[in-house]
Protein chains: 2
Amino acid sequence: MLHTERRDTIIEILKTKDTASIHELVELTGASEATVRRDLSKLESDEQIKRIHGGASLSRRRRNEPTIAEKSSVNQWEKKKIAEAAASLLEPGECLFLDAGTTTLEMIPYLADRNLVVVTNGIPHVPLLLEKGIETYVIGGKGKQGTGALVGIKAIEALKEFCFDACFLGINGVHPVHGYTTPDPDEAVVKRTALDLAERSYVLADHSKINSITFANIGELALAEIITSDRLRDDERTNLKKYTDVKVVST
Amino acid sequence: MLHTERRDTIIEILKTKDTASIHELVELTGASEATVRRDLSKLESDEQIKRIHGGASLSRRRRNEPTIAEKSSVNQWEKKKIAEAAASLLEPGECLFLDAGTTTLEMIPYLADRNLVVVTNGIPHVPLLLEKGIETYVIGGKGKQGTGALVGIKAIEALKEFCFDACFLGINGVHPVHGYTTPDPDEAVVKRTALDLAERSYVLADHSKINSITFANIGELALAEIITSDRLRDDERTNLKKYTDVKVVST
DNA sequence: AAGTAAATGATTGTTTTTGAGTAAAATTGA
DNA sequence: TCAATTTTACTCAAAAACAATCATTTACTT
């Protein structure tokens, strides 16, 4: 047995049992005690497992990973509900702008078979849109590492050649005084341009974005309707409604 | 057994098993241990697999993207060599157009850290380019299902705002009389436009494309230099050379 | 057809991995 | 606390795997 295979086996065993004794691992891998020990040392220094006297267990980091995944899937759930609500605001045959970002990505499943035309600046969005059979246009521009968004002067120019019935933006900061903000100035300009080109504008923001401020300003709250969830505190909700329309989605 | 065949076989084996020992590979390929070792070294330096003591496993990158790996598995080795040769034709700091398609996709690893500027109409290319830290521009246009290429009048217009030192096209048909052809008329126009905008133009075509004809015409052979492999028969090679420059890559 | 280049398989010495043995350290139970 | 037991870390020799070299075969060129 290859040593990598053996180490994978050990990880698999630990995944099912959480802990295992040296003796068990010797039996299950068919290797000698010394070899298993060496493997455990290696795996521990790689932070894959934690050695304990007489055996090994999954490392805290590794064991916490599913917990983190669950936690983000809670956030994911909120985003999904917001995305679903946003998509429901569209009439058949409309033309919309879909901003780059993970929240707008979640809208895609709800856009299929509705005769919509989608324009986007998010590279990761395109394969999903095409897969769903949605008519998709991509604005041009410079690709930005990390988010895969298209930005820059070319993007702005290309964007200006469209008109939209609706525009859906992902936003990092929503604040009564500082308005909508996002960390990247290049992306901010694109978002603002899209806002101006659309008949109706919507900002998708889970509760963690409300009342936070990031670097680059896009514009005041009144420019768009905010779609958020009922995980937002009541007083914050009431406060926001002084400035613009707010749609609250129940999770 | 041809050595390229044998290497493809090794890849296939690893695709099903994920890891394999030297002895297994010796049995399954019928080659000697020394030869298998040499193959593994080669495949590792090409970043196709990862060698481990006693055998080999699929490289991490490849395991994460099975769809692309499978898609490009037809004549994959040949395409890779053609792509490598194509990339070697670039000087530092040049600006190039990278056409959509699987062959041009293979060029990306060879473009990193060379201060190049890449303009592309291939959506699948963008994440890879950004990942390698390459300055990347995307032309706009309508997304096409299947290939993920950007086409249409918007694409043409956006394209015309650039000038290229070099342009690399994937092509489906290369024929002395009918010239370069591709199945989709929309893509054909984009390719032709790119050809006209570039100082130097290259067509990447594995041997299966030579002397075949598909639906939409792009232009005559003289418009670009052809990069193909030594799997092309000698007489076909000689014939092609009557019409344009041909670079033959050894596999 | 002769010569050249490439690929292969066998052989060599070197490195890595492994398993066993042993002394030190940790754990357990009285 | 102390002794008995278990677990661990370390060393060493054997085995497996490796890289490098060389002779042979195969394929290509002129």
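Chain A is the first sequence line, chain B the second, and so forth, proteins listed ahead of strands; every chain is numbered from 1. Keep in mind that the numbers below use all heavy atoms, side chains included, and drop hydrogens, waters and symmetry copies.
A donor-acceptor distance shorter than 3.5 angstrom exists from the side chain of B:Glu78 to the backbone of B:His207, with no hydrogens or angles considered. Without hydrogens or angle criteria, B:Asp99 side chain to B:Gly170 main chain gives a donor-acceptor distance under 3.5 Å. A:Glu24 places a side-chain N or O within 3.5 Å of a backbone atom of A:Ser21 that can act as its donor or acceptor partner. Using modelled atom types, one side-chain atom of A:Thr120 and one backbone atom of A:Gly122 make a donor-acceptor pair closer than 3.5 Å.
Side chains of B:His175 and B:Ser212: a donor-acceptor N/O pair is absent below 3.5 angstrom, by distance only.
In terms of phosphate contacts, B:Arg51 brings a side-chain nitrogen or oxygen within less than 4.0 Å of OP1 or OP2 of D:dA19. Listed pair A:Arg6 / C:dT18 meets the phosphate criterion, a side-chain N or O lying under 4.0 Å from OP1 or OP2.
Closest to the B:Arg38 side chain, of the nucleotides D:dT7, D:dC18, C:dG9, is C:dG9. Of the candidate nucleotides C:dA10, C:dT8, D:dT8, C:dA10 has the atom lying nearest to any side-chain atom of B:Ala34. Of the candidates D:dC18, C:dT8, D:dT7, C:dT8 carries the atom nearest the B:Thr35 side chain, counting heavy atoms from C-beta on.
Here the C1' atom of nucleotide D:dA19 and the CZ atom of B:Arg37 are 9 Å apart, to the nearest Å.
Remark: nothing in residues 23-32 of chain A comes within less than 4.0 Å of DNA chain D through any heavy atom.
Interatomic distance, CD1 of B:Ile13 versus CD1 of B:Ile49, reported as 11.0 Å (0.5 Å rounding).
Residue A:Glu33 is in base contact, counting any heavy-atom pair closer than 4.0 Å across all strands shown. Among the protein residues, B:Leu40 comes within range of no part of the nucleic acid, since none of its heavy atoms lies under 4.0 Å from any strand.
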